[in-house]
Participant: 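Take this structure first; my questions come after.
In each ligand, atom 1 is the first atom listed, and ligand 1 is the first ligand listed. Residue indices begin at 1 and follow the sequence shown. Scope of the values below: all heavy atoms of this structure, side chains included, with no hydrogens, waters or symmetry mates.
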Amino acid sequence: MPTLAERDHAVLWHPYTQMQTAPLPVPIVRGEGSWLIAEDGTRYLDGISSWWVNLHGHAHPHIAERVSEQLRTLEHVLFAGFTHPAAVELAEQLLALLPQNQARVFYSDNGSTAVEVALKMVLQYFHNLGQPERRTFLCFRNSYHGDTFGAMAVSSRGAFTQPFWPLLFDVEFLDVPVPGHEQEVLSQLDILLTRPDVAGFIFEPLVLGTAGMVMYAPEVLDELVHRCHQRGVLCIADEVMTGFGRTGPLFASALLPREQPDIMCFSKGLTGGTLAMGLTTCAAPIYAAFLSDDKMKALFHGHSYTANPVACAAALASLELTSAEACTHQRQRIADAHAAFRQEIEGQAGIRQVRHQGTILAVEYDPGEGTSYFSRLRDAFYQLAIDNHVVLRPLGNVVYLLPPYCTTNEELELLYAVLRRMRALVLDFLPAPTLPEYLHD
Ligand SMILES: *Cc1c(COP(=O)(O)O)cnc(C)c1O
């Protein structure tokens, strides 16, 4: 009898996986709190919330209850010409929590589609206003906004998208304003803003996830957004990863001292990691530009499963948990634990930099001179974590923690122990000292 993993290998094609060389996947049959439980009973601590989606733990009973209730009431209805209670309630509740200027909610299926909708809103906004020449987007050089074509176009021109480069529309890249480089990036922006064709600026607020949890301050983002607004450039906050408490407050954009984004994108934590859903919100003036007696000014975008009631019910149940005071305390507890761990390892040999924002911690290891063994180091990190019953996905020499909020202090300690052992591994990886000639015998 073939195992589940072998049957998988015969018929499936996994994301971001070189199927020829990848080891067989780990068959997971159950989830419980921060743990994933394999077919053979082995437990794995989910240190990255299953690709940044899970908020309150796996198979959460409250979300499960609400989802099954909704399934028995109304599983789906088309969303053009029809509506349903879960979609309306979720929009009402979200708008009450989002930056105050956000006025409308547009549903889609995932983070990439939430970004596509945002880009199309910006382009058609200017089209409807009779300024179709405004169609250039600004974005950060190392950004990631998804895997569909528009989302790829506004993302880093990295190795993963190289086969598609010729088909991606042109954008203008800014460096990420990491500490010490703020003025440089503001100057880059000022030059770009002299062009008449700039339409929008899309960014991951405060933390660039896929870039390696690269972090920058709310003050400089506020200034970038401010200068865009002075030129009528629309700003899109892609909160697909940062949304729903990851960076501390419910939304990273809430940390901006003065400015508010014009458009916001959400997915991942939106349903607590239960079901696929995306949504794009916008400020009133953007919505207003689509109102007309002319049908052709409408936003012609929609997915079959737009505002799926079951996904909306999951999002409502998850939002209830996220908004509760207990969750604020959990997030604060994780942030405090991260801060203490950062203090411990910052400056140690083998550590280049430690970054921390809310419940996200990133350790950038120092692999010494040369980067030729980056991918070998990454695989060794991955294996070390798995051997210690922990799921992590290192990004090169950066290992990050992004745990579900229910992760206990004891479980966090297990994650930190793995990060400490990774430091030992890095030190082992350093080339052996070259012996002076006279010691050779
Ligand atoms: C994951 C991610 C996306 C894409 O979301 P998918 O649901 O995977 O399509 C977009 N933007 C950011 C910032 C992300 O982290």
Participant: Atom CD of residue position Q230 - does it have more than 12 heavy atoms of other residues, nucleotides or ligands inside 6.0 Å?
Facilitator: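 Correct, the count exceeds 12.
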
Participant: Would a distance-only check, ignoring hydrogens and angles, find a side-chain to backbone donor-acceptor pair under 3.5 Å from Q70 to E75?
Facilitator: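 No; judged by distance alone, with no hydrogens or angles, the pair does not exist.
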
Participant: Report, as yes or no, whether the 6.0 Å neighbourhood of atom OH on Y382 holds more than 12 heavy atoms from other residues, nucleotides or ligands.
Facilitator: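 No, OH of Y382 has 12 or fewer neighbouring heavy atoms, counting only those of other groups under 6.0 Å.
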
Participant: Would you check if the side chain of D262 reaches a backbone N or O of C235 as a donor-acceptor pair within less than 3.5 Å?
Facilitator: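 Confirmed, D262 side chain pairs with C235 backbone.
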
Participant: By side chain to side chain contact (heavy atoms under 4.5 Å, CB included), which residues pair with E172, not counting sequence neighbours?
Facilitator: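 E172 satisfies side chain to side chain contact (heavy atoms under 4.5 Å, CB included) with T136, L138, L192, R195 once adjacent residues are dropped.
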
Participant: How far apart are the C-alpha atoms of C265 and E239, what are their side-chain angles, what is the distance that settles it, and do they pass the side chain to side chain contact (heavy atoms under 4.5 Å, CB included) test?
Facilitator: CA-CA 5 Å; C265 305; E239 294 241 16; over 6 Å; no

Participant: Name the residues with a heavy atom less than 4.0 Å from ligand 1?
Facilitator: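 Within 4.0 Å of ligand 1, protein side: W52, N110, G111, S112, Y144, H145, G146, E204, D238, V240, M241, K268.
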
